[in-house]
Amino acid sequence: MSMIVRRLSRAATAGLVAAAALTAAAHSAEAADTLGSAAAGQGRYFGTAVAASHLGESDYAATLDREFSSVTPENEMKWDATEPSRGSFTFTSADRIVDHAQSQGMDVRGHTLVWHSQLPSWVSPLGAQDLRTAMNAHINGLMGHYKGEIHSWDVVNEAFQDGGSGARRSSPFQDKLGDGFIEEAFRTARAADPAAKLCYNDYNTDGVNAKSNAVYDMVKDFKSRGVPIDCVGFQSHFNSNSPVPSDYRHNLQRFADLGVDVQITELDIEGSGSAQAADYTKVVEACLAVSRCTGMTVWGVTDKYSWRSGGTPLLFDGDYNEKPAYGAVLSALGGSGGPGDPGDPGDPGDGASCTAMYTRTADWSSGYNGQVTITAGAEPISSWTATVTLPAQQSVSSLWNGTPTWSGNVMTVRPSWNGTLAAGASTSFGFTAAKNGSDAAPTVGTCTAS
Ligand code: XIL
């Protein structure tokens with residue numbers, strides 16, 4: 001009954017939702033490149049995990065709405081959140097996320113139906129038959145509520161043991177129902193929402209190893225027996241103990257070759273600066289190289305709310321500034337260079353302009369400090385982009401009041417906090433360069449503004 005009410009009320013508001021989505025689409029077509037629009041240019045989605053509790057924070061919502069084309073509820077669709085006691089479903093927080101996403105024309109990934117973690121305490125004491133009934137009822141309850149509204153569901157999450165064995169992980173489902181619980185969950189899910197892509201999702205399966213081999217064998221078996229599976233999710237939580245594997249692309253491709261889509265579902269990479277940016281580039285390039293890699297999701301909008309916030313693993317810092325990793329992802333996605341790019345015909349800043357002027361502000365035998373002053377033209381601007389080409393030997397060790405991205409020895413600098421300038425007003429960024437034997441001055445290219 002509640003399912004029907006929800007679907008009717010969605011239908012009644014469909015006109016409004018469609019109007020809002022149109023506004024969002026028109027906005028992003030006019031604006032300069034964002035992660036979502038650049039990924040769309042490659043036929044992919046670019047998503048983020050979202051927490052309902054942060055949607056009221058204006059910078060959080062603005063960054064989310066501007067940059068991303070898909071959302072995954074970080075916790076709100078998990079079993080403990082949606083069916084805390086048997087048979088009584090609560091969708092309030094998950095609905096907030098789904099409604100928000102739809103009002104912005106974003107897709108929603110469903111995460112997750114059957115998982116050993118974040119499981120309410122009533123589930124594990126159940127006997128085998130009862131557990132099977134409860135699992136299927138949970139899948140039907142969730143998928144029924146969101147029928148037709150979820151592009152992909154993580155049907156089963158993390159069912160394989162970590163480490164070298166390739167065995168299944170112990171869980172109430174595995175221990176009581178055996179290997180067959182996964183197949184049963186996928187069959188139930190297919191019937192519950194035939195339009196949703198059904199994914200198996202796991203971590204430490206990003207490269208070729210015993211665990212990913214075991215998942216591979218399962219998917220191969222499912223495909224050969226007609227068990228419904230459409231996609232495999234690679235969580236991709238990386239740090240120094242678990243770096244981006246060198247065979248990442250190869251691993252994605254071998255799964256794709258089984259006849260499933262692959263998705264990067266929970267990407268985060270601990271670190272900072274250019275090293276973190278380079279790792280993000282590797283991940284995006286791997287996905288783009290695999291035609292069945294249909295999209296990527298980062299596990300949060302801002303470092304400050306990351307589940308691994310100490311490792312600053314995301315694309316925006318705690319103040320929602322774009323990190324070097326952001327620029328790296330945008331350019332790996334073929335982004336045209338952000339706000340004010342002259343290639344953006346409908347750019348709102350068509351009348352906006354700026355100039356960039358270089359001065360050397362300090363000099364010593366092995367290095368120097370450079371400063372680039374950005375001055376707005378006859379109209380106020382909300383952002384600027386300046387390129388600085390360094391002599392080949394020189395290298396930049398630090399940069400302030402700007403956010404650099406690199407291509408060879410060309411540094412593209414965008415604002416960190418100082419994008420907005422009144423007509424004729426100025427700001428500047430500075431950097432320290434090592435001469436490495438060349439005392440030549442860098443060349444500053446055209447400044448673009450929006
Ligand atoms: C994490 C969330 O980010 C945290 O907020 C929560 O406390 C624990 O779960 N693999 C998954 C995700 O599939 O659901 C996990 O999300 C991270 C690891």
Side-chain angles (χ1 to χ4, degrees), residues 47-55 57 60 64 68 70-84 93-94 96-98 108-121 123 138-139 142 146 150-163 168-174 181-182 185-186 189 197-207 209 211-212 215 229 231-239 241-244 262-270 283 295-316 318:
T48 179
V50 162
S53 58
H54 303 315
L55 287 173
E57 185 182 324
Y60 182 92
L64 168 67
F68 297 96
S70 168
V71 302
T72 306
E74 186 171 357
N75 291 298
E76 291 78 352
M77 285 187 181
K78 291 173 182 175
W79 199 319
D80 60 352
T82 50
E83 197 186 1
S93 298
R96 272 190 73 194
I97 295 176
V98 174
V108 183
R109 288 194 89 255
H111 177 76
T112 178
L113 296 164
V114 184
W115 187 27
H116 66 277
S117 186
Q118 292 177 271
L119 200 56
S121 58
V123 177
H138 183 71
I139 295 171
L142 237 86
Y146 293 112
I150 304 288
H151 75 71
S152 307
W153 267 109
D154 291 330
V155 178
V156 175
N157 196 32
E158 302 182 354
F160 285 79
Q161 221 170 67
D162 224 13
R168 308 281 164 124
R169 176 198 292 272
S170 169
S171 72
F173 309 105
Q174 181 66 35
F181 88 88
I182 304 184
F186 275 85
K197 299 245 187 206
L198 306 181
C199 303
Y200 175 79
N201 191 52
D202 214 327
Y203 69 98
N204 284 352
T205 49
D206 314 296
N209 56 40
K211 190 173 178 181
S212 67
V215 176
I229 184 166
C231 38
V232 176
F234 298 83
Q235 292 186 9
S236 306
H237 295 292
F238 297 123
N239 54 33
N241 294 321
S242 175
V244 181
V262 294
Q263 302 179 7
I264 294 167
T265 50
E266 304 181 16
L267 177 62
D268 51 15
I269 309 178
E270 293 184 42
V283 172
M296 290 151 264
T297 297
V298 289
W299 205 239
V301 175
T302 159
D303 282 341
K304 72 175 165 176
Y305 297 139
S306 163
W307 74 312
R308 291 181 169 174
S309 56
T312 60
L314 296 171
L315 303 178
F316 294 90

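Counting convention: from 1, in listed order, for ligands and their atoms alike.
Polar contact check, E158 against ligand 1: a nitrogen or oxygen pair lies under 3.5 Å apart. Polar contact check, W307 against ligand 1: no nitrogen or oxygen pair lies under 3.5 Å apart. Residue contacts with ligand 1: H111 is placed with a nitrogen or oxygen under 3.5 Å of a nitrogen or oxygen of the ligand (distance criterion only).
Residues W153 and H111 keep their aromatic ring centres 6.0 Å or farther apart.
One option in E74, Q235, H237, M77 has a heavy atom closer to atom 2 (C) of ligand 1 than any other, and that option is E74.
Proximity of T112 to ligand 1, defined as any heavy-atom pair under 4.0 Å, is not found for any part of the residue. Under 4.0 Å from ligand 1, not a single heavy atom of D154 appears. By the criterion of a heavy-atom distance under 4.0 Å, neither the backbone nor the side chain of Y203 is placed next to ligand 1.
N75 ND2, 2.9 Å is the protein heavy atom nearest to atom 5 (O) of ligand 1. Protein heavy atom nearest atom 8 (C) of ligand 1, with residue, atom name and distance: Q118 OE1, 3.4 Å. Closest protein heavy atom to atom 13 (O) of ligand 1: E266 OE2, 2.7 Å. Looking at atom 15 (C) of ligand 1, its nearest protein heavy atom turns out to be K78 NZ, 3.8 Å.
Aromatic ring orientation, F68 versus F316: perpendicular (interplanar angle above 60°, classes split at 30° and 60°).
Under the salt bridge (charged side-chain N to carboxylate O under 4.0 Å, His left out) rule, D154 has a single partner from K78, K197, R109, which is R109.
Distance check: N204 CG to K211 NZ gives 5.0 Å after rounding to the nearest 0.5 Å. From N201, atom CG reaches atom SG of C231 across 9.0 Å, with rounding to the nearest 0.5 Å.
With sequence neighbours excluded, the residues forming a side chain to side chain donor-acceptor pair (under 3.5 Å) with N209 are S212, listed by chain and number. Taking the side chain to side chain contact (heavy atoms under 4.5 Å, CB included) definition, one finds that Q161 meets it with S165, A167, sequence neighbours left out.
Atoms of ligand 1 lying under 4.0 Å from any heavy atom of W115, numbered from 1 in the order shown and given with element: 14 (O).
For the pair K304 and Y60, the cation-pi criterion (under 6.0 Å, within 45° of the ring axis) is not fulfilled.
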